[in-house]
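This one's a predicted model, so the numbers in the text were calculated from it and none came from an experiment.
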Amino acid sequence: MDQAICIYAADGALLHFNRELLEFLKLPESVVYIGAQHADIMRFLAERGDFGAGDAEQLTAERMRLLRREENVRYERRAPNGRILDIRRQRMPDGQFIATFTDITAARRLETAVATIAEAVSNMAGHGYLQTLANAMSRALGMEWVIIGAPDHADAAIITTLVASQGGVTIDNKSYHLRGSPCARVIGQTICVIPRKAHELYPDDKGLVELGIESYVGAPLFDADGGSLGILAAFDTRPLDDDPIAEPVLEIFASRVAAELDRLRTFEDLRTSERRFRNFAEVGSDWLWEMDADLRFCWIADNVEALTGVSADHYIGRRRDDFRVEDDDADDWARHLATLRAHEPFRDFQYRRELPDGRTMWVSNSGIPLFGEAGEFLGYFGASTSVTERKRAEVELRTAKEQSEDANRAKSRFLAGVSHELRTPLNAIIGFSEIIGSEMFGAIGNTSYVQYGRDIQMSGQLLLGLINDILDLSQIEAEELPLKERPQDLRQLVDESVRLFLRRAMDANIDISVELAGAPRSIYVDARRLKQILVNLIGNAIKFTPTGGWIKLRAGLDLNGWLMLEVADSGIGMASKDIARAMEPFSQLGSEIKHGQEGVGLGLSIASRLAELHGGSLHLTSEPNTGTRAHILLPASRIIGQDDQNIPEML
């Protein structure tokens with residue numbers, strides 16, 4: 001079968017695979033066997049270079065993280081043996097997942113061949129069109145020689161090539177006898193495919209014998225009425241073994257060649273002007289023009305004067321770059337002039353014109369090279385269109401985008417500045433209210449004033465926390481929050497963070513436990529910012545955990561070797577669909593929050609962005625009335641001395 005399959009258990013162990021998996025991916029049996037771990041197989045592929053350059057462990061970790069994050073994955077990949085595989089992975093309800101690998105090489109080769117045709121022949125006609133088709137067919141089939149031939153006018157038994165290609169490059173035309181050639185089986189009849197030993201089957205064909213031709217494919221060419229036009233053939237010294245796309249590609253090219261030959265024969269007697277205006281009508285434009293072999297304008301439509309204010313005579317004898325404005329893009333002009341000198345077609349070359357009446361006009365130009373019967377370059381015919389209003393809209397859109405970005409940066413700087421200025425008087429308010437509330441300088445006659453002082457202090461602290469959060473978020477968005485990274489003691493960071501909440505947890509009868517027995521001793525982080533992440537997560541856990549609940553902190557490694565810090569609680573939780581919204585700034589889910597602990601929804605957003613600044617991430621899992629688990633992931637590179645530490649894995 002043309003499909004490989006494998007099934008993995010929820011824990012990553014390989015449960016089933018067929019032999020095609022080994023063949024498609026070129027995997028040894030020492031790597032792929034029942035019970036093998038998925039991560040080990042991915043690591044083998046990474047070390048072999050299947051995922052590109054880079055550290056194999058990091059590449060493996062990234063792949064595994066992607067697979068765990070995405071339930072269903074589909075992508076294409078080229079295997080070491082050259083096969084193009086359509087890979088699909090689907091996770092099952094029980095945690096298992098199935099991966100299938102379908103060989104779509106033939107389909108992709110056929111698509112590539114069709115795309116090659118479209119790319120090769122765009123904006124071309126006549127002899128150049130046929131030659132480009134022949135060169136493209138040589139590349140699409142991987143065959144050395146391709147010819148397009150027609151019977152000689154004087155002797156129908158002789159074929160004269162109209163165009164010929166070798167290795168995708170144009171070669172000289174030749175004539176040969178049909179007698180004893182496989183072309184005799186093709187012309188006016190049907191497609192012929194000889195995969196091997198062509199020179200032995202046709203020993204009278206001197207050309208095949210001299211070249212030692214093994215494989216041959218040929219297709220007859222017919223006009224619209226079914227009459228014979230000639231032949232399209234390709235041949236090579238290598239055999240053509242089991243190539244499923246050879247015949248369909250041959251048919252596609254043959255239909256294009258036949259259509260062009262039919263067109264040329266039908267219109268070969270038309271005058272040059274009739275051909276020119278037919279092509280102009282197909283292009284569509286504001287005005288039409290022609291250049292001679294020296295790339296000078298030799299004709300231009302009279303309506304150019306109504307559009308530009310310059311008469312047609314003004315252009316005659318001049319080159320396009322004579323109208324170039326000094327500050328135009330030099331690279332664009334260099335590429336365009338190189339295209340003209342190479343006698344290649346071009347489309348939508350845009351340049352600016354300064355008109356006599358002071359207007360600025362943007363002009364889009366497309367052109368097709370003209371060649372004589374002998375293949376000599378005659379010049380260009382083409383069309384020009386004013387695109388001034390498109391260009392104006394483009395400039396306005398770009399300006400609006402830049403203004404929006406500037407406004408966003410200004411907003412962030414403004415918030416940061418305002419937040420900084422508010423903290424100074426607010427600290428004074430908090431300090432004086434604390435003095436009043438604690439009756440530091442003596443008893444106050446009316447106890448209500450004491451309580452008012454305490455209320456002012458508590459409100460001030462809440463407001464200060466909000467201002468600090470806004471300042472942090474603004475600095476992060478403005479990319480003005482540098483990390484001050486140093487080696488830090490992980491246990492000390494966790495202990496200092498937890499200690500801030502012990503009194504609040506005791507008052508709420510919430511048990512806080514810490515499990516760091518196997519955690520790394522030292523990590524390379526910004527201590528203040530990592531504590532800020534932990535404080536936000538622990539504070540959230542207390543806020544949403546009912547009386548009598550619990551909060552647990554633990555640390556270890558995930559399957560990729562990254563440091564994982566987990567804050568879990570037995571709180572009210574949330575629906576999985578609400579998690580993404582909870583991570584957004586200023587998000588409020590309307591859950592039951594303990595009185596006096598309301599916030600504005602910045603904690604999770606700031607924690608997530610601080611984790612990202614460390615090269616890590618923050619993930620939440622939660623269910624209503626079950627609790628929430630927050631996982632902080634930090635890269636393995638931030639663990640100091642990992643090799644000599646016994647760190648447990650957290651799955």
Side-chain angles (χ1 to χ4, degrees), residues 119-129 131-132 135 170 270-392 394-395:
E119 179 182 1
V121 303
S122 61
N123 297 326
M124 298 194 70
H127 183 275
Y129 180 98
Q131 186 64 66
T132 304
N135 295 344
T170 302
L270 292 178
R271 293 177 302 169
T272 301
S273 60
E274 292 173 335
R275 292 198 304 270
R276 179 183 67 203
F277 283 107
R278 184 189 64 249
N279 285 284
F280 285 161
E282 294 173 353
V283 172
S285 61
D286 285 341
W287 66 86
L288 312 174
W289 50 263
E290 270 196 9
M291 285 181 178
D292 60 22
D294 292 328
L295 302 178
R296 297 181 183 275
F297 288 106
C298 58
W299 175 85
I300 193 165
D302 291 335
N303 62 333
V304 69
E305 184 171 3
L307 295 166
T308 67
V310 180
S311 68
D313 292 340
H314 176 75
Y315 296 88
I316 303 303
R318 305 178 72 176
R319 293 188 171 93
R320 186 180 305 283
D321 52 330
D322 290 336
F323 305 100
R324 176 180 173 183
V325 178
E326 279 190 22
D327 57 351
D328 275 354
D329 191 295
D331 292 338
D332 283 351
W333 271 99
R335 285 190 292 268
H336 177 60
L337 295 177
T339 298
L340 293 177
R341 288 191 291 268
H343 306 157
E344 296 174 345
F346 61 91
R347 177 179 291 276
D348 195 30
F349 169 65
Q350 297 184 10
Y351 72 98
R352 188 168 46 133
R353 288 284 313 278
E354 299 294 345
L355 302 180
D357 60 5
R359 288 184 298 139
T360 296
M361 173 183 283
W362 281 91
V363 182
S364 171
N365 303 273
S366 299
I368 302 173
L370 295 170
F371 298 93
E373 293 297 328
E376 71 277 16
F377 175 65
L378 301 178
Y380 276 93
F381 65 80
S384 297
T385 302
S386 172
V387 292
T388 305
E389 294 301 325
R390 181 170 62 186
K391 273 293 179 179
R392 181 175 293 116
E394 178 185 324
V395 171

Quiz prompt | Residues Asp321 and Arg319 bridged, charged N to O under 4.0 Å | solution = no
Quiz item: CD of Glu376: more than 12 outside heavy atoms within 6.0 angstrom?
Solution: yes
Determine whether the side chains of [X] and [Y] contain a donor N or O and an acceptor N or O closer than 3.5 Å.
X: Asn303; Y: Glu305; answer: no
X: Arg347; Y: Asn365; answer: no
X: Ser386; Y: Trp362; answer: no

Just wondering, do [Y] and [X] contact through their side chains at under 4.5 Å, heavy atoms?
X: Ile316; Y: Cys298; value: no
X: Arg320; Y: Trp289; value: yes
X: Val363; Y: Gln350; value: no
X: Tyr315; Y: Trp299; value: no
X: Pro345; Y: Pro369; value: yes
X: Arg353; Y: Val325; value: no
X: Leu288; Y: Ile300; value: no

Quiz item: Which residues pass the side-chain hydrogen bond (donor to acceptor under 3.5 Å, both in side chains) test with Arg318, sequence neighbours left out?
Solution: His314
Shortest non-hydrogen contact from [X] to [Y]?
X: Phe346; Y: Thr339; value: CB-CG2, 4.0 Å
X: Thr170; Y: Asn135; value: OG1-ND2, 3.5 Å
X: Gly309; Y: Pro356; value: O-CG, 4.5 Å

Enter the distance from [X]:[atom1] to [Y]:[atom2] here, rounded to the nearest 0.5 Å.
X: Arg324; Y: Trp333; atom1: CZ; atom2: CH2; answer: 7.0 Å
X: Gln131; Y: Phe371; atom1: CD; atom2: CZ; answer: 11.0 Å
X: Asp357; Y: Glu354; atom1: CG; atom2: CD; answer: 10.5 Å
X: Arg352; Y: Asp329; atom1: CZ; atom2: CG; answer: 11.0 Å
X: Tyr351; Y: Ser384; atom1: OH; atom2: OG; answer: 6.0 Å
X: Met291; Y: Leu378; atom1: CE; atom2: CG; answer: 14.5 Å

Self-check item: Identified side-chain contact (heavy atoms from CB on, under 4.5 Å) counterpart of Tyr380 within the set Leu295, Ile368, Leu370
Solution: Leu295
Quiz item: Taking Asp294 for the side chain and Arg296 for the main chain, is one N or O donor matched with an acceptor at less than 3.5 Å?
Solution: no
